[in-house]
Number of protein chains: 2
Amino acid sequence: MEAERKQETKKPTGVPEPTIRRMPLYHNLLKKINIDEVEYISAPLIARILNLDPTQVVKDLSYTGIIGKTRVGYKIVELIIAIENLLGFHHPHDAFLVGAGNLGFALLNYTGFKPVGMNIIAAFDTDRKKIGTLVQDVKIYDFERYREMAEKMKPAIGIITTPPSVAQQVADVMVVWGIKAIWNYTQVSLRVPPSIVLQDTHIYASLAVIINKLNKEK
Amino acid sequence: MEAERKQETKKPTGVPEPTIRRMPLYHNLLKKINIDEVEYISAPLIARILNLDPTQVVKDLSYTGIIGKTRVGYKIVELIIAIENLLGFHHPHDAFLVGAGNLGFALLNYTGFKPVGMNIIAAFDTDRKKIGTLVQDVKIYDFERYREMAEKMKPAIGIITTPPSVAQQVADVMVVWGIKAIWNYTQVSLRVPPSIVLQDTHIYASLAVIINKLNKEK
DNA sequence: CAGTGTGAAGTTGTTCACAGCA
DNA sequence: TGCTGTGAACAACTTCACACTG
């Protein structure tokens, strides 16, 4: 009986992915507000700032479990904490990055990952000139040492920013040495076991959308 | 009567966006095939390679207008040309990139944009040390000179890889000097007129999805 | 009224089912 | 039998409509 109620309250379907993708926008916006000056914010206001549909925002925020005050809105501090819990910012995951090219460097220089739950703890490359150097406290190791480091540090997330030609090999190594999720920045369609969380960030997909829309405008 | 038939054949709704986003995957795969060895490819095979649903591939390919041979598949060269036409690779657009940090450098070093219809012809920054240097044939100019260059070169696409704090200003300048589309790599929700094609690439959105899935696996 | 909250309707995209074909 | 091609069923999101509240 208790279990049944629980199932109704928190249905196993979970939060829709588009909502998850918008959550960082809300979080980012809310963090910029000086809560000494404003304590509450309404969904329509958020919608206006972020160019979203007001009821969309209401629906999204409902997943946080925070209930708003009629005519006033949602308490900002509550929302922030709820979103951070929802996204899991308080259970940080360690990450390895393989491929210290320009894109890899860009990600290593990204200071914004740590506060949102991902901590890049080591990078790998095969280029002698890069091995041993530091990028924002993150050391670049010879990829030969991946196994050794992975056994020691047990990273959950693997970021691949290598040339496409070696992406699958790198993914295979990551899988063998216990990675839980792979964030793939190459255009290769990686083959990984279904238990691995795979997130592709295909740069050409966005470009295709842009060019398609541009050409559509007559 | 003739006009009516046309309207039925090619409905104005156009190609679904998810299909557009998958097209570069097909294109990339097809280009890698040696057409001297294999002339045809079937949708189920493509699906297996790219980890997609077979009927999904069939639906997507139907938008190219290419009709496949039963039991054999689609003629590879025909498909490539059709996809390139659909995505508009043959009508290249010039682009300006503003913000020559790591991410900007990564994009400038990306050799794969030219063949797919986007040609980065100039980059801008405010950092004295970078101004005047070349990255892959692309020169970095003082952002002060944006107007002058834009009037001369009339780029259609503006890529923003600046720090978030200046992203909106940059977007405003781009809009004033006639940009048609903006590819935004910052986490800022840019405000632009509705006539401007706006494509956001929010890195945190993908990260949120990864972390969310990771935490869901109990 | 201007906001929250929610069930219903609408829209879009995916998956299924099956006809046709070589 | 294995593939194309397509209409129909289904699933996922978004948008609408409206009841409710201070």
Side-chain angles (χ1 to χ4, degrees), chain A residues 8-23 25-26 30 38-76 78-79 82-83 200 205 208-209 212-213 216, chain B residues 8-23 25-26 30 38-76 78-79 82-83 86 194 200 205 208-209 212-213 216:
Chain A
E8 278 168 21
T9 317
K10 208 164 198 160
K11 45 179 172 182
T13 335
V15 185
E17 186 169 313
T19 297
I20 294 287
R21 296 187 73 89
R22 283 187 293 269
M23 282 298 174
L25 291 175
Y26 302 135
L30 296 169
V38 215
E39 205 177 346
Y40 289 85
I41 191 166
S42 73
L45 178 56
I46 294 176
R48 240 171 293 137
I49 298 172
L50 298 179
N51 275 318
L52 297 171
D53 184 282
T55 70
Q56 174 102 266
V57 176
V58 171
K59 276 255 159 82
D60 285 346
L61 296 187
S62 77
Y63 286 102
T64 63
I66 301 302
I67 51 165
K69 273 193 189 176
T70 299
R71 282 256 320 145
V72 178
Y74 304 83
K75 196 166 187 180
I76 294 168
E78 282 183 6
L79 265 191
I83 291 175
D200 293 307
V209 173
N212 181 62
K213 284 183 184 164
K216 206 150 50 182
Chain B
E8 279 168 19
T9 316
K10 208 165 200 160
K11 44 179 172 183
T13 336
V15 185
E17 186 168 313
T19 297
I20 294 286
R21 299 185 70 91
R22 283 187 293 268
M23 281 298 172
L25 292 175
Y26 302 136
L30 296 169
V38 213
E39 206 177 346
Y40 289 85
I41 190 166
S42 73
L45 178 56
I46 294 176
R48 241 171 292 138
I49 298 172
L50 298 179
N51 275 319
L52 297 172
D53 184 282
T55 71
Q56 174 101 266
V57 176
V58 171
K59 276 256 157 81
D60 285 346
L61 296 187
S62 77
Y63 286 102
T64 63
I66 301 302
I67 50 165
K69 273 193 188 176
T70 299
R71 282 252 326 144
V72 178
Y74 304 84
K75 197 166 185 180
I76 293 168
E78 282 183 4
L79 264 190
I83 291 175
L86 191 80
D200 293 306
V209 173
N212 181 64
K213 284 183 185 164
K216 205 150 49 181

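Sequence lines set the chain letters: A, B, ... in the order given, protein chains first and strands last, and positions in each chain run from 1.
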Colleague: Mind calculating the distance between CD1 (B/Ile41) and C1' (D/dT4) to the nearest angstrom?
Modeller: 15 Å

Colleague: For B/Arg22, give me all partners under salt bridge (charged side-chain N to carboxylate O under 4.0 Å, His left out), at least two apart in sequence or on another chain.
Modeller: B/Asp60

Colleague: Rounded to whole angstroms, how far apart are CD1 on A/Ile46 and P on C/dA2?
Modeller: 18 Å

Colleague: Taking only residues two or more places apart in sequence, or in another chain, which ones meet A/Thr64 in a side chain to side chain contact (heavy atoms under 4.5 Å, CB included)?
Modeller: A/Met23, A/Ile66, A/Leu79, A/Ala82, A/Ile83

Colleague: Could you tell me how far apart A/Arg71 (CZ) and C/dG5 (P) are, to the nearest whole angstrom?
Modeller: 15 Å

Colleague: B/Glu39: which residues meet the salt bridge (charged side-chain N to carboxylate O under 4.0 Å, His left out) condition with it, sequence neighbours left out?
Modeller: B/Lys75

Colleague: Side chain of A/Ala43: nearest nucleotide among C/dT4, C/dC1, D/dT1?
Modeller: C/dT4

Colleague: Just how far, in rounded Å, is P of D/dC3 from CD1 of B/Ile66?
Modeller: 20 Å

Colleague: Identify the heavy atoms of A/Ala43 and A/Pro54 that sit nearest to each other, and give their distance.
Modeller: CB-O, 4.2 Å

Colleague: Side chain of B/Pro44 only, heavy atoms from C-beta on: which candidate in C/dA22, D/dT4, C/dC1 is closest?
Modeller: D/dT4

Colleague: Excluding sequence neighbours, so at least two apart, what forms side chain to side chain contact (heavy atoms under 4.5 Å, CB included) with B/Asp53?
Modeller: B/Thr55, B/Gln56

Colleague: Ignoring backbone atoms, establish whether A/Arg22 has a side-chain N or O less than 4.0 Å from OP1 or OP2 of D/dT14.
Modeller: yes

Colleague: Could you tell me how far apart A/Lys75 (NZ) and C/dT4 (P) are, to the nearest whole angstrom?
Modeller: 16 Å

Colleague: Go nucleotide by nucleotide along DNA chain D from the 5' end; which of B/Tyr74 and A/Glu17 gets its closest nucleotide reached first?
Modeller: B/Tyr74

Colleague: For DNA chain C, which residues of residues 52-60 of chain A approach it to below 4.0 angstrom with any heavy atom?
Modeller: A/Val58, A/Lys59

Colleague: CZ of B/Arg48 versus P of D/dG2: gap in Å, rounded?
Modeller: 11 Å

Colleague: Does any non-hydrogen side-chain atom of B/Lys59 lie less than 4.5 Å from one of B/Thr19?
Modeller: no

Colleague: Among D/dG22, D/dC13, D/dG2, which is the nearest nucleotide to the side chain of B/Thr70?
Modeller: D/dG2

Colleague: OP1, OP2 of C/dA2 versus side-chain N and O of A/Tyr40: anything below 4.0 Å?
Modeller: no

Colleague: Whole angstroms only, please: what is the CG-P distance between A/Leu61 and C/dG3?
Modeller: 14 Å

Colleague: Whole Å only: how far is the OH atom of A/Tyr63 from the C1' atom of C/dT6?
Modeller: 11 Å

Colleague: Quick one: salt bridge (Lys or Arg N to Asp or Glu O under 4.0 Å) pairs with a partner in residues 65-74 of chain A, sequence neighbours left out?
Modeller: none

Colleague: Mind checking if B/Arg21 touches a base, just sugar-phosphate, or nothing, with heavy atoms under 4.0 Å?
Modeller: nothing

